[in-house]
Structures are given as structure tokens and as C-alpha cells.
S.K.: 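Here it is: the structure, laid out below.
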Amino acid sequence: MRIGVVFPQTEIGGLGVGAVRDYAEHVEGLGYAHLLAYDHVVGADPAVHPGWSGPYDVHNTFHEPLVMFGYLAAITTSLELVTGVVILPQRQTVLVAKQAAEVDLLSGGRLRLGVGLGWNAVEYEALGENFSTRGKRSDEQVELMRKLWTEESISYRGTYHQVTGAGLAPLPVQRPIPVWFGASSPRAFRRVGRLGDGWFPMVGPGPKLEAARHEVEQAASEAGRDFTQIGMQGQVSWNGNNDDLAAGIRSWAQAGASHVAINTMNAGLATVEQHLDALTGAADIARDFAD
């Protein structure tokens with residue numbers, strides 16, 4: 001497996017460029033393979049939305065991942081940069097394709113574009129996109145982005161997009177950039193099988209993951225794709241107990257994960273240094289499982 005880290009957006013995301021730089025350089029120095037960043041453009045204000053129950057709101061900090069990755073491309077040399085996940089249907093498809101191509105080019109081919117549908121209708125409204133059609137549009141978005149990443153000039157007419165004789169320049173290093181899906185429903189699992197280079201299951205190892213993987217495998221077979229070539233990334237939360245961390249990584253290894261990320265958020269760590277200390281201690285355990 002390739003072991004990486006989850007950038008602790010909500011806990012150090014408001015600390016400025018020094019925190020981003022120190023974190024990325026340190027985790028790369030520890031030998032972690034990738035850095036994954038969550039995505040939210042705006043948060044909802046609970047004072048305006050009574051009964052708000054989403055996991056994040058207007059008070060939670062989020063760097064825009066593709067902009068941040070443009071910066072990290074310049075100060076890192078080996079870290080794979082992973083969006084986990086960009087909420088694709090709330091963004092303009094061609095613009096996302098352009099931004100992703102630029103990050104991939106500047107990083108020397110180190111971008112993995114994780115995408116998902118999201119859950120925050122308030123965010124969709126703020127960005128001027130339709131929340132109710134997000135699933136249908138995402139399939140078309142991925143198809144269009146892959147054409148843009150691999151062809152100099154394209155003409156495309158779909159249900160939601162039209163491009164006439166246009167293309168990106170420069171093209172990315174990876175042609176196409178790998179697209180991974182966040183998935184938590186049968187429909188999303190089937191989308192992974194049809195279209196995904198990999199997936200982020202929103203369930204842990206066990207019967208629910210096995211059922212989800214069966215859906216992915218069946219959809220891949222129906223689409224004429226090789227299921228064994230579809231990557232899977234798990235996530236393990238750090239709680240200060242090395243045995244628990246090792247057991248979590250091992251369970252994903254036994255489940256067939258190709259990648260795992262260690263998440264230090266929600267563990268009571270208040271500073272960049274505390275997050276990095278935790279990951280320093282976890283690095284030896286990670287090496288035991290890494291390729």
C-alpha cells in the first residue's frame with residue numbers, strides 16, 4: 001500500500017502559508033506518499049439556517065485544494081497531491097479541467113483528482129449550480145474532462161455541456177489525470193465501476209465494504225473494465241494509540257486497499273507541531289505496511 005496523510009483543514013487551515021509549508025515539507029520528509037485535502041468553498045451559517053446539521057459550517061476553515069496544490073507543487077518533489085474530494089458538480093467542468101491540468105503540470109504529474117457529489121445544498125446555491133441534478137451531471141463532467149486532458153481540440157455536445165472546437169493548452173503531464181470517486185451509495189459504487197480510476201469508500205473494512213466492492217466489481221464487468229485496476233483508498237484516524245493505528249492500517253491492507261491515509265483531525269491536536277509530532281510517531285508504523 002501507499003500510505004499518506006489527510007491535511008487537517010479544519011484545525012490548521014486558518015494558520016496561513018507557514019503552516020501549509022511546514023506541514024507539507026515535514027510529511028514529505030517523513031516518507032509519506034501522498035497528501036489528501038478536503039474541499040468546501042463556503043460553509044453555511046447556522047444562525048441563518050435553523051436546525052443545521054451538516055458536519056461543517058461557516059466557522060470551519062478550508063483552503064481551496066487546487067490553489068493550495070499549486071503552491072505545494074513548488075515546494076514538494078515526491079508527494080502525490082490528492083483531492084479527497086472536490087465537489088465536482090458545483091463547479092464549472094472546463095475550469096476544473098484547466099485547474100487540474102495546471103496543478104498536474106506544475107507538480108510533474110503528481111495530481112490525483114478525487115471527486116464527489118457533496119451534501120451541502122447551501123454551497124450549491126452559492127455557486128449557482130443545481131443540487132438535484134448533481135449525480136447525472138458528474139458522469140458527463142468526467143467524460144468531458146478526460147477528453148480535454150488528452151486531445152488538443154475537442155467538440156463535445158452532451159446533456160449539460162457543449163464545447164465547440166476548443167482545448168486546453170498546455171495539456172497535463174498525465175493524460176488523462178486519474179479520477180477517483182468518493183462513494184457511499186449503491187449508485188455511487190456503480191459509478192466507480194463504470195468510470196473511476198479508483199475510489200474512496202465511505203465505509204470501513206467489513207461486510208458493508210464487501211457489499212460495496214461487489215457493486216463496484218459488477219459495474220466494472222458490465223462496462224468491460226478490469227476491476228483489479230481500480231484503486232481503493234482507506235482512511236485511519238489517529239488517536240494516540242499505536243496498536244490501534246497498526247490494526248486500522250492492517251484491516252485496510254487485508255481488505256485490498258491500494259492506498260491509506262492517516263487522519264489526525266478530531267484528536268485534540270491544537271497546533272501544526274502537534275499534528276506533525278503525531279505523524280512522526282506514526283511514520284514507523286506506516287513504513288511496515290508501505291510498498
Side-chain angles (χ1 to χ4, degrees), residues 9-10 36-46 48-49 51-58 60 62-67 69 82-101 103 111-149 154 156-163 176-203 208 212 215-216 219-220 222-223 230 232-233 235:
Q9 284 272 45
T10 60
L36 179 147
Y38 296 161
D39 169 49
H40 278 290
V41 178
V42 295
D45 185 350
V48 179
H49 301 276
W52 178 256
S53 59
Y56 305 111
D57 61 29
V58 72
N60 296 114
F62 284 90
H63 288 295
E64 202 292 313
L66 292 172
V67 173
F69 286 173
V82 184
T83 58
V85 295
V86 160
I87 311 304
L88 186 60
Q90 69 184 18
R91 296 169 178 248
Q92 294 174 301
T93 308
V94 177
L95 182 57
V96 174
K98 176 66 173 180
Q99 292 170 321
V103 171
L111 177 65
R112 177 160 35 113
L113 188 68
V115 301
L117 303 186
W119 48 267
N120 189 347
V122 172
E123 193 169 28
Y124 270 81
E125 178 191 59
L127 290 164
E129 295 293 346
N130 189 331
F131 185 75
S132 65
T133 63
R134 65 196 190 282
K136 294 178 181 178
R137 285 188 290 117
S138 71
D139 289 11
E140 192 170 294
Q141 287 182 290
V142 172
E143 180 183 31
L144 175 55
M145 289 194 303
R146 284 177 170 151
K147 290 180 68 67
L148 287 164
W149 291 330
I154 73 165
Y156 181 93
R157 183 184 295 272
T159 304
Y160 303 100
H161 301 83
Q162 182 172 335
V163 179
I177 294 167
V179 177
W180 287 45
F181 288 91
S184 61
S185 69
R187 183 173 294 179
F189 302 146
R190 291 191 292 273
R191 183 176 294 114
V192 172
R194 291 196 318 273
L195 296 172
D197 295 303
W199 62 311
F200 306 95
M202 312 308 267
V203 294
K208 290 184 178 179
E215 294 270 8
V216 174
E222 291 170 356
I230 299 175
M232 180 173 70
Q233 174 151 334
Q235 187 164 298

S.K.: If you round to the nearest 0.5 Å, how far is CD of E125 from CD of Q90?
M.R.: 12.0 Å

S.K.: Other residues, nucleotides and ligands only: do more than 12 of their heavy atoms fall within 6.0 Å of CD on Q92?
M.R.: no

S.K.: State, to 0.1 Å, how close A100 and L111 come at their nearest heavy-atom pair, and which atoms those are.
M.R.: O-CD2, 3.4 Å

S.K.: Describe, in one word, how the ring planes of F200 and W180 are oriented to each other, choosing from parallel (under 30°), tilted (30 to 60°) and perpendicular (over 60°).
M.R.: tilted

S.K.: Just say parallel, tilted or perpendicular for the rings of W119 and W52, cut-offs at 30° and 60°.
M.R.: tilted

S.K.: What is the minimum heavy-atom distance between Y156 and E143, and which atoms define it?
M.R.: OH-OE1, 2.7 Å

S.K.: Measure across G116 and P89 and return the closest heavy-atom pair with its distance rounded to 0.1 Å.
M.R.: O-CD, 3.3 Å

S.K.: Does the T83 side chain pair with the main chain of L113, one donor and one acceptor, at a distance under 3.5 Å?
M.R.: no

S.K.: Evaluate the side chain to side chain contact (heavy atoms under 4.5 Å, CB included) criterion for residues R187 and L117: first the C-alpha distance (whole Å), next the side-chain angles of each, then the deciding distance (0.1 Å), finally the verdict.
M.R.: CA-CA 11 Å; R187 183 173 294 179; L117 303 186; over 6 Å; no

S.K.: What heavy-atom pair brings E140 and Y160 nearest, and what distance separates the two atoms?
M.R.: OE2-N, 2.8 Å

S.K.: State the NE2-CG distance between H40 and D57, to the nearest 0.5 angstrom.
M.R.: 10.5 Å

S.K.: Rounded at 0.5 Å granularity, tell me how far CZ in R137 sits from OG in S132.
M.R.: 8.0 Å

S.K.: May I ask you to decide if A44's main-chain N or O and E123's side chain share a donor-acceptor pair within less than 3.5 Å?
M.R.: no

S.K.: About how many Å separate CD of E215 and CZ of R190, when rounded to the nearest 0.5 Å?
M.R.: 5.5 Å

S.K.: Write down the atom of F181, the atom of V142, and the distance for their closest heavy-atom approach.
M.R.: CZ-CG2, 3.7 Å

S.K.: Applying side-chain contact (heavy atoms from CB on, under 4.5 Å), name anything that partners A101, two or more places apart in sequence or on another chain.
M.R.: W149, L168, P172

S.K.: Hey, mind stepping through V122 and V42 against side chain to side chain contact (heavy atoms under 4.5 Å, CB included) and telling me if it holds?
M.R.: CA-CA 8 Å; V122 172; V42 295; 5.6 Å; no

S.K.: Before accepting this row, confirm whether a basic side-chain N of the pair D197/R146 lies closer than 4.0 Å to the acidic partner's carboxylate O.
M.R.: yes

S.K.: Spell out, as yes or no, whether a donor-acceptor pair under 3.5 Å connects the side chain of D139 to the backbone of K136.
M.R.: no

S.K.: With rounding to the nearest 0.5 angstrom, report the NE2 to OG1 distance, H161 to T93.
M.R.: 2.5 Å

S.K.: Return the CD to CG distance between Q141 and L88, rounded to the nearest 0.5 Å.
M.R.: 3.5 Å

S.K.: Using every non-hydrogen atom in the two residues, find where V85 and V115 come nearest and quote the distance to one decimal.
M.R.: CB-C, 3.5 Å

S.K.: Do the charged groups of E64 and R91 touch, with an N to O distance under 4.0 Å?
M.R.: yes

S.K.: For the pair Y56 and Y38, name the ring-plane relationship: parallel under 30°, tilted 30 to 60°, perpendicular over 60°.
M.R.: tilted

